[in-house]
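All of these numbers come straight from a predicted model, not from anything done at the bench.
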Amino acid sequence: MHRPSTSRRLTLAVPVAIGLIALTVPLAAATSTPAQIATSKTNGVAYLKSLQAADGSYAGSGLSNEWAFSAFAAAGTAVVDVTPGGDVTKNARTVYRNLLTTAGWPAASPVVTDYERGTLNAYAAGIDPARVSASRNLIADVYGYWQTAEAGYFGPSANYNGTVFAALALAGAKTQTGAQRVPQALLDKVTTRIRANQHNDGGWDYQKAEGNPTRLSAASDVDMTGASMAALCASGVPNTDTDIVQARTFLKNKLVPATGAFNAMYGINTNSNGWAVAGLNACGINAQTGDFLTSMGKTPIDFLIAQQYNPAGGFKYKPSDTGPSAYASIDALRAVAGGGFTTAPPTPVTPGAPQWVAESAFTPGTATELALTVDDGAGGLKVCSVAFTPTAGTSTLSDVLNAAASAATPPGCVTSVTPASGSGTITAINGKSNSGSNTWKVSVDGSAFASATRGKVVNIGDTIALRWGA
């Protein structure tokens, strides 16, 4: 089965002995009960905890098991509470935050899905993804892959999953107070691209299909259909929308009556089922009733729980396998627990551990990035990551715009600002001037738009949106 770079490559050996405990769900079981789901969650969490390395890590320089954080959060377990042998100094959140901070992460030649993966899992771990450290802003990292010539795509458009996971990351990783941190105008551009890639059968796969009749008529993939549904719904599309209804129908038609499994492109497997259910969960569609209760009384949740070894808690990848898979267990637990592709961090039980950790101020002299959008009010949206070196614990919009003129990725986000100095009201950006009630306004981290001034205070990790309009 093809796996996009956001999720798959098993890097941790799993003891075979764990998989030798018998499956406990009888073949005749009907819709999974709340008690069965609760047991599955408890045992699944225990299994994922067993994957933690002695140094507290789940992740390294490449792809590994940090996706467990989204499963932990969905199941109600705070990542900071996950420790090797009870050593709180090596809790999974602290170790992951330290990894994200290192200059060598994610790799020498990173791709956009590296930063999307980091965003989704940092958020689930209770690490503000825009304020990982004085130098690391994962939201800005993702912004840097905006495709100016194909607005709405992140990373090369041929790799469609990079755009889907951009929507999942940017829409899913809310602020610490639960607000949408990126402007809706950005999410609307992305959802337009996602819609344009929907195949004729109602689903999606990992390749770009927009504008290509052959690709649009090709068979879709259960996995990316789930992810694409979740991306649309996370971005504000209702589950009654025609494209969501078509995707729902596609998944319904893939159900196997006898087991509740989805018949995926590369065979029946736990991972595909998990992604499909995560998509349904994200859209508020019950995976155990209506369209997803088969004629033989089975559901996708039944299938997933039937793949689990209990009480050890791991899940098999395929029904014929004889031991659990780390990735299958992550995808299955997240789905069974009712999660989408990320979940806000639960309140920790470790004494003194906060729900969130975040860098609180710029470090003077330490290079950093900020995420910036410039919306001209007429459909033109510029998106970029702005690199600059602050000189104090806070900065100003003036400093950010000055830096954007020469140090934005992609370039061209800001070409001119009037006035060019001072701290007063901004009257023009990129040649577009204020006119009557239509003026340049600014929002930070999803706050209400207000008059843009050069002297507006900007803090570390702020996601800045400029918009011309009333």
Notebook entry, point to check: Is the Trp146 ring parallel, tilted or perpendicular to the Phe154 ring (thresholds 30°, 60°)?
Noted result: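 Geometry flag for Phe154 against Trp146: perpendicular rings.
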For a quick test of reading the model, state the closest non-hydrogen atom pair linking [X] to [Y] and the distance between them.
X	Y	value
Gly340	Asn281	N-CB, 4.5 Å
Phe315	Ser40	CZ-OG, 3.7 Å
Ala335	Gly274	CB-O, 3.6 Å
Gly431	Ser416	N-OG, 3.4 Å
Gln52	Lys90	NE2-O, 3.7 Å
Leu48	Tyr58	O-OH, 2.7 Å

Polar side chain donor-acceptor pair, [X] to [Y], under 3.5 angstrom:
X	Y	answer
Ser228	Tyr160	yes
Asn438	Ser435	no
Thr83	Asn91	no
Glu210	Tyr153	yes
Thr415	Asn430	yes
Thr350	Asp81	yes
Gln176	Asp128	yes
Lys441	Ser443	no

Reported [atom1]-to-[atom2] distance for the pair [X] and [Y], which is rounded to 0.5 angstrom:
X	Y	atom1	atom2	answer
Arg454	Asp399	CZ	CG	8.5 Å
Ile426	Trp440	CD1	CH2	9.5 Å
Asp375	Trp468	CG	CH2	10.5 Å
Asp445	Lys174	CG	NZ	12.5 Å
Met224	Ile194	CE	CD1	8.5 Å
Leu466	Leu372	CG	CG	5.5 Å

For [Y], is there any backbone N or O sitting under 3.5 Å from a side-chain donor or acceptor partner on [X]?
X	Y	value
Thr102	Leu99	yes
Lys189	Gly379	yes
Thr342	Leu120	yes
Gln180	Gly446	no
Thr366	Ser135	no

Note to self: Aromatic contact between Phe341 and Trp67, with the criterion being ring centroids under 6.0 Å apart: yes or no?
What the structure shows: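 Here the rings of Trp67 and Phe341 have centres that are no less than 6.0 Å from each other.
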Margin query: Taking the ring of Trp356 and the ring of Tyr123, is the distance between their centroids below 6.0 Å?
Written below: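 Between Tyr123 and Trp356, the centre distance is under 6.0 Å.
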Check: Between Val190 and Leu170, is any pair of side-chain heavy atoms under 4.5 Å apart?
Finding: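 No; the side chains remain at least 4.5 Å from each other.
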Checklist line | Basic-acidic side-chain contact under 4.0 Å: Asp462, Arg131 | finding: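 Looking at Asp462 and Arg131, the cut-off is met.
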Check: Hey, is Arg136 close enough to Asp141 for a salt bridge, meaning N to O under 4.0 Å?
Finding: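 Here Arg136 pairs with Asp141 in a salt bridge, since their nearest N and O are under 4.0 Å apart.
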Next item on the list: Quickly, which of Thr270, Asp331, Asp223, Asp221 forms a side-chain hydrogen bond (donor to acceptor under 3.5 Å, both in side chains) with Trp275? Name it, please.
Entry: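 Exactly one pass, corresponding to Asp331.
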